[in-house]
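Here's the structure we're looking at; comments come further down.
Hydrogens, waters and symmetry mates are skipped; everything else that's a heavy atom, side chains included, is used.
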Amino acid sequence: MSPEEGQTWPEGFMDDRSAPDARSPDGPGPETAGVPGDELTAVLHRAVHQAAHRLHAVAAAVYLLTPDGGELRAAMIGGSPPSVLTLPGRMGLDSPYASARALAGRCVAFLAEPDPLAEPEHGALAYPYTVVSVPLEAEGHRFGSLTVLRTEDSGDYSDADCRELTRIGDRLAVLLAGLHARGAVIAPGCLPVLVPVFGTEPPAAAGAQAVVRGVPGVPGSAGMTLLYALQRLTEMLNRATTMEDVVGVAEFCVVAPMRARALALTSAAEGRLWVLGHSGDSSDLVSELHGGALHSGTPAARAMRGRALFVPGSPRPPSTGRLPDAEPGAPSSGVPRDGAGGGSHAAAYLPLVGSRHVVDLPMAGAAPVVGVCCLSFDGPRTFPPEERAVLTMMAGLLGAAVQRIQLSAARQVLAEGMQRRLLPAVLPEAPRLPATARYRPAQAASEAGGDWYDVITMPDDRVMLVIGDVEGHTLESAAVMGQLRTSVAAYAAEGHGPAALLERTDRLLSRLGTELLATCCVVAVDTETGVAEVALAGHPAPLARLSDGTVRPLRAPANVPLGLHGRTPYRSQEHTLPPGTVLALYSDGVHEPDHDDVGVRLGGSGAGADLEILADRLLADTPGRRDDAALLLARYEGADDSAAPRTARFHVHRRDLRAVRAARGFVHECLCDWGLADLSDDLELITSELVTNALIHAGSDVDLRLRAFGDRVRLEVRDSDSDPPVPTAYSLTDEGSARAEHGRGLYLVDALAHTWNTSPSGRGKTVWLEMDIPGAGVAARPTVE
């Protein structure tokens, strides 16, 4: 049964010869909360039907006042897709919509563009329809407004159109007053009723080269096909979690249905546009967009101001490769910046922001533009208003997804950065006890964790090794972690032993006003005697890897975690470490749940005594990333100072490129003092490359350390950028050469050093290398492999 069957058309509307035959019901239908009655529905349907046909509109709608009179809501919308979906569902009485202004001013009202640009001819209206509305008032009652939409290429509304719409509106108001007098509730439902009105589909423009969709001659087929792509885009974007997902969804739901050649999604930062992702034959599009200035007159820059730009292209190719009004050095897009003629390819530049005309929110301020969606096409084409409406809605959905993912990524970076800033920037140099550390956040966690580590030198010959874990993955966990780390360092500096340190930290935690618990492991190593005092607070016991590869735990009373405020005092236990022992302190994220496998991996790593390689392999073998992983390794070298390495340190302030020469001089002087002048030239060259890269690409202070062992020299360059350097081959292309500048120096390191690697730390990374000392018996030293 069609929606028009079984209804009685009111007498005031029966003069329309297009009214369908209908049977009269026995009486008014039932009315339930939020659902208009049958008579009210019939009245609204007929008015919408007449208004759409008689004004040659693509959609018509009746807005009714809510029972409290506070706002207008759409009660019924009729027409063809996608125009019926562009009408707002509700609006305030003081909003600039034509429907609200018609009721407020008691006159015919037309759509007013709320945010025109200074040069509107260079862009496209965000709403590709013209709107006219009349108030619905009769017998002292204000009911709402009647509104119709036309495509923008249908011409302005004439006086005859306004009179006809006013006549339909007046008759509707009289019928609504009659229903109200008989006790009917004249109010909108919870959702507007949408009805198809066949014959309202806009005809194809003469000579249009737009994509043909649907079945020719079948009403609504083209619009429904477009809406299917829009619905699929909505569903798939809800599941997108990365920018690659968004680009893939856009390729399937936007590029393919619109038969575009290429797509690029951009965002704005530091006054320029940056490409987030692209698909298709997009090399020219990316070259045009990436790094483009927002203050320029390019189509993408204009779209960032909030107005879509549709360039139909031209059969005649441009005479030059440059834009007619391009600044010197600007990349060529083949599309004229004024959007008129001269270019061979059509293009669409859509601001990634939802159209304010289709969002049921107050229009107090402009929605932020988060970026631009750029589409390019093969050859010229037109952009009909209905297609532009769908593209506008698609751009709004893409903008919301891009903004959500960018905010999520920024939140993740903020959380990780906060935690990394709470970790030690550089581990202190401890005589006879070199140490290294690693921190790796959990993949599944979106907030900061509470893992931390520290190396604290005591007033005497003791060194305190600390690792801990605050429960949870929240900013509160990270904040509590920072407070605990500070308190542990302060109590250690006062000379307290591991057990007393844990007791004081437990009392402090009770005063912080948090319910979070924390586990902790503290090992105080006397570097003179090799005695290690271990105290635990619900944390896994540390492991000791002896020089022969044997691994055993340093057992101690488990005690209770920090924060339980138990009355039992914390206890510790002492162990004696033989020279060459490697201590491993770790958090839960390093081992697999229910499997104590860290000792097995520590003993079978085959990394020898090199702490950096050993730490990398332990984390690389970690099964899973469900929790943060913190690892602290230290090697006890014994009390024999004759075997201790010679060390030296040099600090470079950020952006001080002149310090590169001073760093080379530091390396030269140290090697000459140690009798290793033969290695000076190679190490000076490597130092220059590594320090320069760290200053330019990390943008932080640089810490340079040089160590000489019995058979090798070790150079370490530390900065605060956690991204590892990647060797890049030479390239003949401009783009490849630009990338190669970031990694060419590493080829020198690889060619000159015996071995090298990069190791992440809590707040950055360390690029380290080793070179053999000639004649020092390097064959006896185990290899990295």
Q: Can you spot which of V534, L577, L633, L543 makes a side-chain contact (heavy atoms from CB on, under 4.5 Å) with L583?
A: L577

Q: Please state whether the rings of H496 and Y491 are parallel, tilted or perpendicular, taking 30° and 60° as the class boundaries.
A: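 The rings of H496 and Y491 stand perpendicular, inter-plane angle above 60°.
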
**Q.** CA sep, side-chain torsions, deciding dist, call: S477, E471, side chain to side chain donor-acceptor pair (under 3.5 Å)
**A.** CA-CA 7 Å; S477 302; E471 66 173 333; over 6 Å; no

One thing to verify: whether [Y] and [X] come together as a salt bridge, which I'm taking to mean a side-chain N less than 4.0 angstrom from a carboxylate O.
X: E716; Y: K765; value: no
X: D506; Y: R504; value: no
X: E612; Y: R438; value: yes
X: E528; Y: R462; value: no

Q. Do V713 and E770 come close enough that some side-chain heavy atom pair is under 4.5 Å?
A.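 Not touching, per the 4.5 Å side-chain cut-off.
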
Taking all non-hydrogen atoms of both residues, which atom of [X] and which atom of [Y] are closest, and how far apart?
X: W452; Y: V466; value: NE1-CG1, 4.0 Å
X: C670; Y: A648; value: SG-CB, 3.6 Å
X: R440; Y: L619; value: NH1-O, 3.2 Å

Q: Verify whether one side chain among D451 and S587 offers a donor that lies under 3.5 Å from an acceptor in the other.
A: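 Present: a donor and an acceptor within the cut-off.
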
